[in-house]
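Contents: one structure, followed by commentary.
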Amino acid sequence: MMIEVMEIPEPVSPLPPPEKIFKNPLEPTEPLSHFVNNRLQCQSSEEKMAHCHLSHSEPLSQTGMVIPTSPKISPPVQYRYIGSSDELKEVVRFFQDAKVLAIDTETTGAEKGDGLDPHKGKIRLIQIAAAGHHVAVVDMFEIPSEELAPLKDLLAGSAIKVFHNAKFDLKFLQIADIPVKGQLCDTQIAAQLLISGLKDDGYNLKDVVKDYLLEELPKEQQVSDWSGDLTPYQIEYAARDAAVLLRLREVLIPLLRDACLVKVAKIEFDTIPAFVEMELNGMKVDRDKLNALCLKMEEDAKEAADNLKVFIGDINPNSQPQMLKALKDMGVPVESTGKDTLAPLAADYPVVKALIKYRKTSKLHQAFGKLPERIHPVTGRIHPSFDQIGAVTGRVSCKEPNLQQTPRDKSFRGCFTPEPGNVLVIGDYSQIELRNTAEVTQDKRMLDAYNNGEDLHRLTASIVMDKPLQGVTKQERSAAKAVNFGLIYAMGAATLREYAENSYGVSMSLEEAEIFRERFFEAYEGVAQWHIRVKQAKPKETRTLAGRRRLWNGWPKITELYNAPIQGTSGDITKKALSLLSTRMNDIGGGIVLTVHDEIVIEVPESKAEEAVKLLRDTMIEAGREYLKTVPVEVDVAYGKSWADKA
DNA sequence: TGCACCAGCGCC
DNA sequence: AAACGGCGCTGATGCA
């Protein structure tokens, strides 16, 4: 194939030092508030030295980049099209000693839309940028796979690899048998960490380049056809995307450092391979079981619908206005159709009972009845996609499908099975958010309880019921669970009452709830004091134990201030465990298949089950201990032939 | 017809 | 003064 190669000579003279053309979009920031934990203070020297690959290693003046004369348009780049094995060999030699490589890919699929699916699409171009060199644009359609060795060596080398949304490229590269090793840097994740939850979109490359380099990155070619003869415009576009990553990194890293986000960035970058692994692996489902379950759900939903019809006739039960009117007409005293208003009326009004049943069954059916459609035609498994910083707190989110919301019921989780000869090993942190609370607040009673191996729910029960530990009933322990989870986030008495009823089936009066509340804060004085400190500090920023930041535009809700560092620390811990795990799984075989906030699921050969149990437990505990210094970390691990086989 | 928003509900 | 937090998916609704 003939490609017009746009060769631009190497720059002959040193470039002038660049203007500081960027500005921190977060400026002016509130002063850091360290009420969460004094260990969180930005120990800048430590932060700066801790991770060499995040250091500002190469000044912009040596990157060989053209400084834009116009601040608007992203500068043209010097690039070289690589369309033969000999050229590849030659260019890789130039890159060999580079400490930092910026990498991007252009992908294509056999069918429209498959360009985003690594199991269907193919890599057309791999663009590699290194300081002082032309960007290499490697045409994978022109290089025989048996002659890719130089490229593989380069990407498996020890250079820092910079990507924007690394997960995407790494999935394709993995499938193309071009594994990427070495430290990763992801400019998309870096930008998300810097914004710290102030916005939830605008993180594609064009947006981030605009925000941090103040340049317009042309994107017209992004959705062009990458499967045929390529135009010079396409090649230049591809090269530019890689080149800009080098400069982006140079700008983002000092910002991360100034914001004391280097440590958490390191965690996020190191965890990327685990998410690549999980998305590529997906989870196997037992088709027969799943089909049977779907049938059952459909029947249940239909039966409930028919039953409801007896009461309400032919109106649409999914329509709230219609349903509300129907209920009123039947004399049910309601002003809304919410679950909470309906629940107490179920006993007295058969129509309400029928409606609740209908809602439950039809919701399940419509939400989970589509799971079979999610089985991938190539792999036969379900491949969700994860958003590594999907929640503002730092938690991971999951979609298409959201396996994190799979019902706990065995009929659902039992459908998720390993391949024949494998088992699923499931690890859960025990009461991780309560332990985080103990660590963050340094509440003496909580710390003592955990360090003495006591059951904290039981302890709370004995406190709020004002009776000895031994006398606590199962019911009372359940109630205390609600109290624990509710009150550390400053739940009011009324909400606590509702919550205990709905979540744990525990009834209490409003007066009882109020008493529980008071006794709770009397007993857990450290938690109470922490609440007071937070309230008085009125920060617009919180930090997790790993230093992850959350910012607020206006005044945060007090409950968000209580929750963010606790929930976020769980995210830190689980990610740390995932990152350690992905490098330790090699000996065992198999891989990571899922994570659900405080849970990690791996699939391994049956013969390695016991070994995997130990590895998973040890690794999760090690990760927890990294942040919980005064509270013991407990992990429940079990294995079996389905996701339902929990401890 | 498409899009944004909401309620409702699954999970941690 | 009082306040539980964080997600994604579905169908209905209302506006353009």
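Proteins get letters first, then strands, A, B, ... in listed order; numbering begins at 1 in each. Just so we're clear, the structure is a prediction, and the values are computed from it rather than from any experiment.
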Touch class at under 4.0 angstrom, heavy-atom based, for A/Gln366 against every strand present: sugar-phosphate

Distance below 4.0 Å between A/Arg395 side-chain N/O and B/dC11 OP1 or OP2: no

Whole angstrom value for the distance that separates P of C/dA12 from CZ of A/Arg359: 13 Å

Among C/dG8, C/dG6, C/dC4, the nucleotide that comes nearest once only the side chain of A/Lys399 is considered: C/dG8

From C/dC4, C/dG5, C/dC7, nucleotide with atom closest to A/Ala391 side chain: C/dC7

A/Asn436-A/Ser570 side chain donor-acceptor pair, cut-off 3.5 Å: yes

Geometric class of the A/His119/A/His383 ring pair [parallel <30°, tilted 30-60°, perpendicular >60°]: tilted

C1'-based separation of C/dA3 from B/dG10 [nearest Å]: 25 Å

Residue pair A/Thr544 / A/Tyr627, side-chain donor-acceptor N/O under 3.5 Å: no

Ring-face cation of A/Lys206 near A/Tyr203 (centre distance under 6.0 Å, axis angle within 45°): no

Sugar-phosphate, base or nothing in reach of A/Val396, heavy atoms under 4.0 Å: nothing

Distance in angstrom units between A/Asp387 CG and B/dC12 P, rounded: 20 Å

side-chain N/O A/Thr559 vs C/dG5 OP1/OP2, d < 4.0 Å: yes

Short side-chain N/O contact to C/dG6 OP1/OP2 from A/Thr393, under 4.0 Å: no

Proximal nucleotide (of C/dG6, C/dC7, C/dA3) relative to the A/Lys535 side chain: C/dA3

Touch class at under 4.0 angstrom, heavy-atom based, for A/Glu400 against every strand present: sugar-phosphate

Distance-only side-chain donor-acceptor flag, A/Asn484 / A/Thr460, under 3.5 Å: yes

Selection from C/dA3, C/dG6, C/dG8 that lies nearest to any side-chain heavy atom of A/Ile558: C/dA3

Protein-nucleotide distance (A/Lys538, atom NZ; C/dA3, atom C1'), rounded to Å: 15 Å

Between C1' of C/dG5 and CG of A/Leu434, the distance in whole Å: 13 Å

Any A/Thr406 side-chain N or O less than 4.0 Å from OP1/OP2 of B/dC11: no

Between C1' of B/dC9 and CG of A/Asp409, the distance in whole Å: 15 Å

A/Gln567-A/Tyr562 side chain donor-acceptor pair, cut-off 3.5 Å: no

Residue closer to the 5' end of DNA chain C, A/Phe485 versus A/Lys363 (nearest nucleotide): A/Phe485

Length of the CG-C1' vector between A/Leu403 and C/dC7, whole Å: 14 Å

Phosphate OP1/OP2 of C/dC4: any A/Lys557 side-chain N/O under 4.0 Å: no

Touch class at under 4.0 angstrom, heavy-atom based, for A/Tyr499 against every strand present: base

Atom-to-atom span, CZ of A/Phe516 to P of C/dC4 - whole angstrom: 18 Å

d(NZ, A/Lys575; P, B/dC12) in whole Å: 18 Å

